[in-house]
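Report on the following structure.
Lettering follows sequence order; numbering is per chain, from 1.
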There are 2 protein chains.
Amino acid sequence: MIDLERKRELYRLQAELCQTLADPTRLELLELLGEGPRPVKDLVRATGQRQAKVSQHLAVMRQRGMVVAERVGTEVHYSLADPRILDACHITRQMLIDRLRRQHALAVVVGGE
Amino acid sequence: MIDLERKRELYRLQAELCQTLADPTRLELLELLGEGPRPVKDLVRATGQRQAKVSQHLAVMRQRGMVVAERVGTEVHYSLADPRILDACHITRQMLIDRLRRQHALAVVVGGE
DNA sequence: AGTGTATATGCGACAATTCGAATATACGGA
DNA sequence: TCCGTATATTCGAATTGTCGCATATACACT
C-alpha cells in the first residue's frame, strides 16, 4: 500500500492531538468551553489557576487548532474549534469512572474477607 | 462543592490516559489490538518497528491499564482492556481527517485565485 | 543442561513539556 | 496621552518521555 505513509502521518497527527489533551488544566478548560465562548477572565476564575498559566495552555491549544480566539473589545473570547473533542473526552472520562468503580467494588470485597 | 478535589483528580487521571495515547506507535498498536488478542511478534511485524520499541510501548500501556497481557506458551498475547478506547480514537481521527479535508479544499481555492 | 525463539528490561542521551516569576502588549476611558 | 484592566510572552529550572543499544528472562524442545 502506497498510503502506508499517509497512515503513519495520520497517527503522528493524532498523537499530537492526544498530547494536547494530556494536561488536566487543558481538559478542564475544554470542558468549560463546551458551554460556549468565554473570555480568559472567566476561565481563570473558574479554574482558580494563575492567569499566565491559563494563557499558556490556551496558547498551546490555539496553536494546535483545538480552540479559536476572537478579540471582543478588551477581552479575548475562546471557543472550541470542533465540539466533537468533548465526545472523545467524555468516553475516556467514562472509562476512568467505570474503572474506579470496579476498583472500589473490588476493594470492598477484598477488605471484607 | 466538596468534590472539587474529585473533579481535579479525575482530570489528572484523564490527562494520564491521554498522555498514554500520545504516541503514534501506541495508537497503531491499539488499532491492531482492536482486531482481537495478538502476540507481540505479530505486532512487531505489522508495525515494522523494532521489537524492543514495541515491548516498551506495550509495557507503558500495560502499566497504565490500557492493555492486558496473557502468556500463551512461549508467546505473550496482548488485548485491549476496554474497547471503548477505540471509540475515542476514532473520533479524534475523524476530526483530523475532516480538518485535513477542509485545509485541502481551501488550498485548492486559494491556489486557483 | 543447552539451544533457539519470544519477550522484557536497564541505561544513557536527547528532546519536549510544565511551571512560576517577571515582563510585555492591547485596548477603552478619562 | 496616561491609566487600568485584560491577555500574552519570555526565560530558566525541573520533570518527563522516547529511542537505540545491549542484555536479561522465559519457555519449548532435544
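Put simply, the side chain of B:Leu43 reaches to within 4.5 Å of the side chain of B:Leu33, judged on heavy atoms. Looking only at side-chain heavy atoms (C-beta outward), A:Val40 and A:Glu75 stay at 4.5 Å or farther from each other.
A salt bridge does not link A:Asp82 to B:Arg99: none of the charged side-chain nitrogens sits closer than 4.0 Å to a carboxylate oxygen.
With rounding to the nearest 0.5 angstrom, the OG1 atom of A:Thr25 is 10.5 Å from the OH atom of B:Tyr11. The distance from the CD atom of A:Gln63 to the OG1 atom of A:Thr20 is 10.0 Å, given to the nearest 0.5 Å.
Interface residues of residues 16-44 of chain A facing DNA chain D, ordered by number: A:Pro39, A:Val40, A:Lys41; criterion, heavy-atom separation under 4.0 Å. Less than 4.0 Å separates DNA chain D from at least one heavy atom of each of the following residues of residues 49-56 of chain A: A:Gln51, A:Ala52, A:Ser55, A:Gln56. Remark: B:Arg64, B:Arg71, B:Gly73 in residues 61-78 of chain B come within less than 4.0 Å of DNA chain D through at least one heavy atom.
Under the rule for a side-chain hydrogen bond (donor to acceptor under 3.5 Å, both in side chains), A:Lys41 has no partner lying at least two apart in sequence or in another chain. For A:Arg71, the side chain to side chain contact (heavy atoms under 4.5 Å, CB included) criterion is met by A:Val76, not counting sequence neighbours. Under the side chain to side chain contact (heavy atoms under 4.5 Å, CB included) criterion, B:Thr74 pairs with no residue, sequence neighbours left out. Residues satisfying the side chain to side chain contact (heavy atoms under 4.5 Å, CB included) test with A:Ile97, not counting sequence neighbours, are A:Arg93, A:Gln94, A:Arg101, B:Leu10. In this view, B:Ala46 and B:Leu32, B:Arg38 satisfy the side chain to side chain contact (heavy atoms under 4.5 Å, CB included) rule, not counting sequence neighbours.
Taken over five-pair windows at either terminus, the axes of the helix from C:dA1-D:dT30 to C:dA30-D:dT1 are inclined to one another by 10° (rounded to 10 degrees).
For the salt bridge (Lys or Arg N to Asp or Glu O under 4.0 Å) condition, the pairs that include at least one residue of residues 45-65 of chain A, sequence neighbours left out, are A:Asp42-A:Arg45.
At distances below 3.5 Å, at least one donor-acceptor pair connects side-chain atoms of B:Gln14 with backbone N or O atoms of A:Cys89.
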N/O donor-acceptor pairs under 3.5 Å from side chains in residues 54-61 of chain A, not counting sequence neighbours:
| from | atom 1 | to | atom 2 | distance (Å) |
| --- | --- | --- | --- | --- |
| A:Ser55 | OG | A:Gln51 | NE2 | 3.2 |
| A:His57 | ND1 | A:Arg26 | NH1 | 3.1 |

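In terms of heavy atoms, A:Val44 sits closest to A:Gln49 at CG1-O, 3.4 Å.
When the options A:Arg8, A:Arg12, A:Lys7 are evaluated for a salt bridge (Lys or Arg N to Asp or Glu O under 4.0 Å) with B:Glu28, the one that passes is A:Arg8.
Protein chain A contacts DNA chain D over a range whose 5' and 3' limits, counting nucleotides with an atom under 4.0 angstrom from a non-hydrogen atom, are D:dA6 to D:dT10.
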